[in-house]
Amino acid sequence: MTDLETINQIIQGKLQGNPDYPIAGIQGIFEAGPNEITFFIKDQLPIEPILAGAIIVPLGFKSEYPNLIYVTDPYVAFAKLLHFFNPHQPFCQGIDPSARVAESAIISENVSVGHHSYIGDHCRIGANTEIHAQVTIYPHVSIGKNCLIYSNVVIREAAIIGDDVIIQPGAIIGADGFGFARDEQGNPLKIPQVGKVIIGNHCEIGANTCIDRSTLASTIISDQVKTDNLVQIGHNVIIGQGTTICAMCGIGGSTVLGKNVVLGGFVGIADHLTIADGVKVAAKTGVSNSVKQANQIISGYPHQEIGKWRKSQVIIRNLDDYVDRIKALESKLKELEAKIPVEPIT
Amino acid sequence: MTDLETINQIIQGKLQGNPDYPIAGIQGIFEAGPNEITFFIKDQLPIEPILAGAIIVPLGFKSEYPNLIYVTDPYVAFAKLLHFFNPHQPFCQGIDPSARVAESAIISENVSVGHHSYIGDHCRIGANTEIHAQVTIYPHVSIGKNCLIYSNVVIREAAIIGDDVIIQPGAIIGADGFGFARDEQGNPLKIPQVGKVIIGNHCEIGANTCIDRSTLASTIISDQVKTDNLVQIGHNVIIGQGTTICAMCGIGGSTVLGKNVVLGGFVGIADHLTIADGVKVAAKTGVSNSVKQANQIISGYPHQEIGKWRKSQVIIRNLDDYVDRIKALESKLKELEAKIPVEPIT
Amino acid sequence: MTDLETINQIIQGKLQGNPDYPIAGIQGIFEAGPNEITFFIKDQLPIEPILAGAIIVPLGFKSEYPNLIYVTDPYVAFAKLLHFFNPHQPFCQGIDPSARVAESAIISENVSVGHHSYIGDHCRIGANTEIHAQVTIYPHVSIGKNCLIYSNVVIREAAIIGDDVIIQPGAIIGADGFGFARDEQGNPLKIPQVGKVIIGNHCEIGANTCIDRSTLASTIISDQVKTDNLVQIGHNVIIGQGTTICAMCGIGGSTVLGKNVVLGGFVGIADHLTIADGVKVAAKTGVSNSVKQANQIISGYPHQEIGKWRKSQVIIRNLDDYVDRIKALESKLKELEAKIPVEPIT
């Protein structure tokens, strides 16, 4: 149990109400009880009853509610209080006896390695990093500090992972890129994938997401990139800082995404393309050509600027009307032709 | 080896033929031999030779075949006999010495835990449930009775799983939902995901499928929901009873699916939508608005009622014809204009 | 360190230059240094400076570069030299003491089994095959020789895997196919999946890819099939020799793909279809009918021959122009009608 004033200080807000009011947690607007705080983003409180002990509201919010904390962004305050009320619980303490850590691995202070995990030769694990259960880390991998590697993650050879990275369960970092030549008999000949994956700082990789190692050189995921679950990132891809990738996206080999790009769900991007900074790609878009103009929003397959795409979609939904109009034109024209006075050929 | 009468009793049919006829198994119509039974759904037997010892057929089926069992639904009878001839083999007996089960976990009678699996603090595992090899169950998870948890499944903190649930290998239950705020500097700030996943009774979750834990409250999978492989279910989603989700579908956060909804493969549903009971969504559909009318069939992106979508698709396949017709209209109109007697401007 | 003549012999080329020139590795055209060889496919060297010690070029290539090796296919030579300079490192030696191998399993010479892996009853593992860490192999599985089974792979009951097969991390071979009947109460009744998966020789299966076991009979992946990551292959599917499947594809149950078919990313193929030999399916295509004509290229949803599809797409991108043209026709026609001399109704 804490009090409103403490919470006010955490979120650096402006408190209007009782600073000693006791608060035990944070909940949604309709779920919060008298000892819980909630947050609200819209202009006006809903008419349904609210039982929350206090509400975090945007600056300038008008309300008679007893306890209010005004902040610039209530959603950011919500995130901070969720962290405050739910402090991270380490998965385990130290290196579990059932884990296998190679003698040549360098393990910093306060690292924990869960049950049955495996850390190969010459790996380096930074301070305070947690490796949960059943994780396999192949040789020569380097992981920074304060990372969270969830269970059943596999990290393949020589990958380099920065600080404060979270890898959700089942993600596969560094599987072989998909590359084959055809030999003299026309049979596929595997191109060995001997490059690596580099992941920057403050990244989060979703569950069962796959990021392939490069043929040569590196597949690069820059700082603060966030991917959702079941995403496929091909070999030699480079993803710029702050880019966000929703679930079920696939990015073809050697494609370069700029900074702060946003991909909606199910976006497919072909190989060897370049996507400019700040481009937003609507869900289900198929990108088969480079996108050179920064900050535009695109949609469709093949992709278009989203306004143009929406226009096309409205027409497509009414194509039968247009077909009817063409038919009407044709029959009217016939009618007219019949009426036109016959002119002698001169 | 059993006999036809025994089989007849299992499937509660009407036997026409020799009740003592020996049957050793069930196979497809062309694969079944003289000591095997098969089933048939259509009106008339195929002309190719059939060697099966007996055939399960729908009521009213006309045939001279020696051994027939009449049932309402031969496919249901087929399912029952597959269960009969292939009784479940437990993966292992009891708790394997290499498994790690927390002392605070409550394990009911006849539970088996496979090699190298891990069960965290305060978990509860119901009677007769099988946990196979390399499974990780995080703390405070509750699993009901008669469940089958295949190898390499990960179940994250505090998930609640009902009775008679099957989770195929590699599925990830309860990874963090994908949620970020932007802090004052514009950097992504993780929204902690402290809710849980609740899965009802008689559900089946496909291989490598991901169901995310909620931010607050719960992601809810109701009774008898079946998902195929590589499905993504976002945080705070609610899925109604009996809904079926084919492979490669993705459902955005906080979306609510009704009862007995069916999603074909590759269906994407945006976040915060509501899909009414009994709606059928054709493969590859993109749903970006709520679907309020129950039991309709939809397709396309953006989705439409399937009949209307099909009409549009027929027109789209012939768009070049319509373009030709527009061009023909234009040239005819020009011709006509040339022919129209010039009228003096009045 | 080796020399150019040795390399020339490996790739069976025609060397023009110094056979004793020392070479330590292979790199991309702009990354290679003086002690590295590179390769080039196009007609003319780029104008940017090249520092490579030698270049592999196609027959007939014109250049004054000091050390050149001429070959039919420089990309094949590149693949061969990547293998030469990066000889495979075994994951571990022999059977790790922490692995569990059933007594009834038959393990050939020179097999390695990594940390915490599990091999069930009556399995057979062929010579020189490597099974990495945290792998689960269910009972009665047969794996050929020279295979590489990466960490966290699960292979379900009775699967048969050929020689020289590579299975990337997290792949699930033989999860239950997705099949349910509806019982008398309308509730889903699981169809037991008691068939198996058969994978031929020289196949590669991508990370987190799922190949389901069949209901009866077998799901068959023929020789030299290569799948990328996160692919879903349904039960009873048959895939012909040499077929290549890119990431995020899904193939419905009982569908048959011919030989040397190529599926681009995100291709969905419905169940019970047949795709002819050599068909190429463009990315994001939805195939809902069988494709009977061999070697054609298809695209779109529903799919079309790619030329026709591209034509439609060009029209779709300009639909608003055509709508304008229809409107123009309509107003002109009205104008014309007004001008037409009134004819008395006869």
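The structure displayed is predicted, hence computed values, not measured ones. Below, chain A is the first sequence line, B the second, and so on; all start at residue 1.
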Interface moiety of A:I245 toward chain B, non-hydrogen atoms closer than 4.5 Å = backbone

Do A:D96 and B:R100 meet the salt-bridge criterion of a basic N to acidic O distance under 4.0 Å?
-> yes

Is it true that a side-chain atom of A:Q134 and a backbone atom of B:H116 form a donor plus acceptor pair closer than 3.5 Å?
-> yes

B:V314 versus chain A, the contacting section by heavy-atom distance below 4.5 Å | neither

Is a side-chain N or O of A:K284 found less than 3.5 angstrom from the main chain of B:K284, in a donor-acceptor match?
-> yes

Heavy-atom distance under 4.5 Å to chain A: side chain of B:S288, backbone, both or neither?
-> neither

A:N229 side chain to B:C210 backbone, donor-acceptor under 3.5 Å | no

Does the distance from a Lys or Arg side-chain N to an Asp or Glu carboxylate O, for A:D320 and B:K308, drop under 4.0 Å?
-> yes

Where does A:I166 contact chain B at under 4.5 Å (heavy atoms): side chain, backbone, both or neither?
-> side chain

Under the 3.5 angstrom rule, does the side chain of B:Y301 hit a backbone N or O of A:A283 as a donor-acceptor pair?
-> yes

Can you sort out the partners of B:H132 under ring-ring contact (aromatic ring centres under 6.0 Å, His included), two or more places apart, ordered by chain and number?
-> B:F91, B:Y150, C:Y138

Compare all side-chain heavy atoms of A:I316 with those of B:W309 and state whether any distance is below 4.5 angstrom.
-> no

Toward chain B, the part of A:E31 with a non-hydrogen atom under 4.5 Å = neither

Of the backbone (N, CA, C, O) and the side chain (C-beta and beyond), which part of A:D223 lies under 4.5 Å from a heavy atom of chain B, both, or neither?
-> neither

Measuring heavy-atom distances to chain A, does B:R182 have an atom under 4.5 Å in its side chain, in its backbone, in both, or in neither?
-> both

Region of B:H303 in contact with chain A, defined by heavy-atom distances below 4.5 Å | backbone

Less than 4.0 Å between a side-chain N and a carboxylate O, is that true for B:E184 and A:K80?
-> yes

